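Let me begin by presenting the structure, written as structure tokens, before commenting on it.
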Amino acid sequence: MAQQHGPYALTTTDGAARLGTLTTLHGTVPTPTFMAVGTHGAVRACLPSEVQATGVDIVLANTYHLACRPGVEHIEESGGLHAFMGWNGPILTDSGGYQALSLSHLSKITDKGIVFVSPYDGSKLFLAPEDAVNLQERYGSDIIMCLDHPALFGSDDSAILDTMHRTHAWAERSIAAHRKEAGLLFGIVQGGYAVRTRQESAAALAALPFDGLAIGGLSVGEPHDLMISLTRAVTDVIPSTTVRYFMGLGSDRELLALVAQGVDMFDCVAPTRLARHGVAYTPHGTIALKRAQFRTDHTPLVEGCPCPACTTFSRSYLRHLFNVQDILAHRLLSLHNLTHLATLMRDARTAIREHRFAAFHEERLALLDEGTTETAGEVGTHA
Ligand SMILES: [Zn+2]
């Protein structure tokens, strides 16, 4: 049943879950896939070779933050973002639309584009949709994201329609600005928190010649069930030959729920951000290593995990590294958490290939239900 029309090849489906591959200028990636976030051009504290060894295939960086520091000219002079950051695999760059929301006290949005005030030095940066595409092309990104305008959760209907229509107009301008020989161009579906507007946005963008579509403006505080149903509403409208990327999601439970709804790509700051707070992913949920019970726990973090934290050290030692604030702890837990999510996606792909994804999903939920999920408080999920 293999289907291909563009860079994404759909190998097989199992229910709504999909197994496929996405071909980029820097390699072909099996999907579903989890991407590591390196906002400023680095997955914090980790060498590119170490990130690659976790099983993560794509790294994500941020257009707006890189434009502030070190600046696009600097990256161009270094031979592009791949050479600059020493990562030879695919790079996806987020456009900056989400930063307009997260840094809303520092930005102003009109139909022309977004004016950002740098949180670093107060300087102003104007980003039109064309500028966002151009910057990402100059970085040498493999996957270029359109500038979009997400609506805040809780916005009224007229605000949601305004942001959606602006996102659609910017999508057309982005396509016109995109050079065909550059990286893939992805549109971003908005449409707020109603099925009707979500599907209207998905249909409008699916009619444009994008290489893939992202689902933006979700995982921003809406209830879990609403997030799932709105995602399904979107994946029902997007053609099967179009790759689907859900922006900013990184817990086992949510990733599996959305793979089951036909999503192919994910990213999240949580695995590395939680790592810096001493929180580790396990098949039984996340655990906080600061807990006293781990002081004398000489077992590996997760039995059978191939990462350096688990193959070399005990829970007791990792807890000790946090207590003495050794940065090795951040690095080891980041590598472990990325390995955990990359392995989860690999196992999901195997289950879809063998047409037993529903059973695999149930097994993983049963394991999660046995444990407790601990976090370091509100750390957010978006890059
Ligand atoms: Zn591990």
Side-chain angles (χ1 to χ4, degrees), residues 30 32-38 42-60 87 89 249-256 259 266-291 293-351 360 363-376 379 381:
T33 189
F34 182 82
M35 303 183 280
V37 174
V43 178
R44 278 187 196 275
C46 303
L47 285 169
S49 57
E50 293 173 327
V51 174
Q52 195 178 25
T54 66
V56 162
D57 289 315
I58 305 184
V59 166
L60 189 145
W87 171 261
L249 197 72
S251 76
D252 290 27
R253 202 178 284 277
E254 290 169 323
L255 293 183
L256 292 173
V259 167
F266 301 94
D267 80 283
C268 193
V269 294
T272 45
R273 195 175 283 173
L274 286 173
R276 296 196 296 278
H277 289 88
V279 176
Y281 284 58
T282 82
H284 295 96
T286 46
I287 58 172
L289 278 170
K290 64 174 184 232
R291 285 203 175 284
Q293 72 192 82
F294 299 125
R295 196 173 69 82
T296 54
D297 187 341
H298 302 295
T299 63
L301 195 45
V302 173
E303 199 73 57
C305 175
C307 88
C310 296
T311 53
T312 320
F313 305 108
S314 64
R315 290 177 168 194
S316 157
Y317 181 71
L318 294 169
R319 181 178 183 277
H320 165 71
L321 287 179
F322 270 96
N323 281 345
V324 298
Q325 299 183 334
D326 193 304
I327 56 170
L328 179 59
H330 300 172
R331 179 170 164 197
L332 288 170
L333 274 209
S334 291
L335 294 174
H336 167 76
N337 286 348
L338 290 174
T339 302
H340 174 87
L341 291 179
T343 306
L344 182 71
M345 291 295 99
R346 186 200 65 196
D347 293 347
R349 292 194 296 270
T350 304
F360 167 75
E363 285 161 24
R364 296 302 297 237
L365 289 182
L367 291 178
L368 288 167
D369 289 342
E370 286 171 16
T372 54
T373 294
E374 296 183 308
T375 71
V379 296
T381 58

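By convention here, the first residue in the shown sequence is residue 1. Note that this is a predicted model, so its numbers are computed, not measured. Order of appearance sets the numbers: ligands from 1, and atoms from 1 within every ligand. All values below were derived from every heavy atom in this structure, side-chain atoms included, with hydrogens, water molecules and symmetry-related copies excluded.
- Between L289 and R315 the shortest heavy-atom distance is CD2-O, 4.2 Å.
- Between Y317 and H320, the ring planes lie tilted relative to each other; the angle falls in the 30° to 60° range.
- Here the shortest heavy-atom pairing between A309 and H336 reads CB-CB, 4.2 Å.
- The minimum distance between the Zn ion (ligand 1) and any N, O or S atom of H336 involves atom ND1.
- The Zn ion (ligand 1) has an N, O or S atom of C305 closer than 2.8 Å.
- Our summary of the site lists the angle at the Zn ion (ligand 1) between SG of C310 and SG of C307 as 110°, to the nearest 10 degrees.
- Checked options D267, L338, V59; the residue passing with V37 is D267 (criterion: side-chain contact (heavy atoms from CB on, under 4.5 Å)).
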